[in-house]
Protein chains: 2
Amino acid sequence: MEGPVTIRDVAARAGVALSSVSRVLSGHPDVSASMRTKVEEAAQALGYEPDLLAQSLRSGATRTIGFIIRDISNPLFAVVARACEQELRRNGYSLILMNSDGSVETESKNFALLRRRRVDGVIASLVAEDSPYVKKTILSLRAPLVLLDRDVKGLDASAVITDHATGVKAATTHLLDMGHRDIAFISGAANVYTTRNRIKGFSEAFAEAGIPLPEQLIALGGFDAEYGLIHARHLLLKTPRPTAFVAGGIGSTAGVVRAFHEMKLEIGKDVALVALDEWPLFDVFATDISSVYRDPEAIGSEAAHLILEVLKGNEAQESVIATKFTARASSQGGVVSVR
Amino acid sequence: MEGPVTIRDVAARAGVALSSVSRVLSGHPDVSASMRTKVEEAAQALGYEPDLLAQSLRSGATRTIGFIIRDISNPLFAVVARACEQELRRNGYSLILMNSDGSVETESKNFALLRRRRVDGVIASLVAEDSPYVKKTILSLRAPLVLLDRDVKGLDASAVITDHATGVKAATTHLLDMGHRDIAFISGAANVYTTRNRIKGFSEAFAEAGIPLPEQLIALGGFDAEYGLIHARHLLLKTPRPTAFVAGGIGSTAGVVRAFHEMKLEIGKDVALVALDEWPLFDVFATDISSVYRDPEAIGSEAAHLILEVLKGNEAQESVIATKFTARASSQGGVVSVR
DNA sequence: TTCAGCGATGGAATCGTTACCAGAATCTAA
DNA sequence: TTAGATTCTGGTAACGATTCCATCGCTGAA
């Protein structure tokens, strides 16, 4: 045989009309038993498989969901993607993966391409919330959208939001209780909810303790390891030197730890550290690092769940994922500033 | 406006025939300048975008590539996927991501679904090389295939193959030189090239040193952390106890290190360790672990490159990725068996 | 016996695009 | 001026499926 088998071939073999074959195969009720067996036998014999492309063109639904993130090699996103793809697959949807490489332009192009591919929905972690492109691009999507940890006004999108503030506040309060005052805070870009919400928790802890927020120790800029490294180097040269670091984003945290290594500072002894988010093998190779944990699998399956809900015709919703602070050796000791 | 703008709307607005619009927009040479401007203006004004679905149905090419792996949350695959997606995107292709969750059945279903989606090609890391399903499924793909680190006969597929043997051999020779004899080897399933090729390197090192291979210390079974843990526990109870471990697969290695923790064995002091593959933050939190490294980005972009070549009409090819052994503290010391 | 009613089936239009074919319009050469 | 070549354009048939509509045959009631 050559070329895929079409419904036309099945019709010819069964000696019936195209439309009858379609009715049988799509489970239409008004078909006689004899017709059903005839068609099913022919389809079986020829190894017929429906062409999803043609079905999509006709039906208007592609049963594909776009997944746009900065970078799938970020372990957090990878776990989110896995859980999300699994859940979507169970419901008959496929996932089209696109990295935006931290570029708003690439992200915008990705949205445009997904629109032309007529995806049924998009799940995205935007590079920035305030870029003018993106909002226009998204509004023209004509498909449901689920945002991951982003807060963009006027979009009618669902969202999976992490409650960073609670975890970060607990972590910061813990550090304050341990006597730390010069606590440095490093996280990603300021124009995303993730960072703002973490700062919220950080600030609240200081406010509740009645201690002034060390604003000059808050360093923002990006999620890459180089930012973490540069910021940490810079902060470690300040006087008084920060005695504790709260570092967010896996990349940034890596940068911070590198800076510690450069300065021969031992974590948990010379300097305290709380990592925001955990990463693969965290429990094996970073056993002593205090962390604010969120469950990435839950984020992924919730995202899938939310988009499926909208596709069923329900309203856009928001899900909140909890965070949990766990104190470990890295934040127990540490040289505490003397005032 | 309601519903997407079609080529028909553009034709109506420009006052020309459908076919002329198509010709202009697809860059056909036989169009007059006036026609070109008329159509382009109308398309611009209406915000026309071609429907990739319809184009695909017509042309037979979807410009999508399927990507099937065991688990995207494995950091190695995540980096491969990112590099691969980037390269494909630059060439106008999108990537459909599917996890096979370590199940041959799921993998087979994924292949079938990709076939029905009429993808132009598939890049896959098979769960097993010898499963009867898979070969049948793959042969009916009707699209080029790139295998990642797998060796399946009679497929006419391209492949990106890692030369594990060289790196593992160097690592093993190093351990033998350090005086180790009871060297345990833990890696994934035996029915994939990755494991076989690693064992090849392991064996060759012993052979060249004229030392008998400790076959009872070779433990295979799977790539998950639980396998690593179970096997390592078991091996650590043997007499004489292995003094060094070569552990492959990020998950397995994690299991092995957990077993060390359970037994309060300090890496590089009580027991030597060489990790096959590195993982995120390896350089930060596993600075002292000897490793056999391969570049996952190269694997991803090579995979994309190979499939693009076949899509251009060239023959299927095989690319080989090098490995590099780096000795670090974890394999320097260690209690050496006395014979 | 005849007609209404009903279930099952075939034919044709449609989704949005491209590509072939024929014909119109313009141009060149004799 | 006309035949022939050369552009360019419009109509139409696909790609592979679904769905509406009309029709056909059959049954049951008057």
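Just so it is clear: chains get the letters A, B, ... in the order the sequence lines come, proteins before strands, and each one is counted from 1.
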Heavy atoms of other groups near A:Lys109 NZ, more than 12 under 6.0 Å: no

Residues B:Arg118, A:Asp51: salt bridge by 4.0 Å N-O rule: yes

Given B:Leu147, B:Val320, B:Leu306, the one that forms side chain to side chain contact (heavy atoms under 4.5 Å, CB included) with B:Val160: B:Leu306

Nucleotide D:dG10, atom P - distance to CG of B:Leu18 in whole Å: 10 Å

d(CG, B:Leu52; C1', C:dG16) in whole Å: 11 Å

d(CG, A:Leu25; C1', D:dG16) in whole Å: 13 Å

Nucleic acid footprint by protein, nucleotides 4-9 of chain D - heavy-atom cut-off 4.0 Å, B for base, S for sugar-phosphate alone: ----SB

Sugar-phosphate only, base, or nothing, as touched by A:Ser22 at under 4.0 Å among non-hydrogen atoms: base

Distance in angstrom units between A:Asp51 CG and D:dC15 P, rounded: 12 Å

Separation of D:dC20 C1' from A:His28 NE2 (nearest whole Å): 10 Å

A:Arg8 CZ - D:dA17 C1' separation (whole Å): 10 Å

Whole-Å distance separating the CZ atom of A:Arg116 from the C1' atom of C:dT17: 13 Å

Cationic tip of A:Arg150 above A:Tyr193 ring, under 6.0 Å, 45° of axis: no

Carboxylate-amine/guanidinium contact A:Arg82 A:Glu85, below 4.0 Å: no

Rounded distance in Å - CZ (A:Arg117) to P (C:dT17): 15 Å

Closest to the A:Leu57 side chain, choosing from C:dT17, D:dA17, C:dC15: C:dC15

Side-chain donor/acceptor of B:Asn74 to backbone N/O of B:Leu76, under 3.5 Å: yes

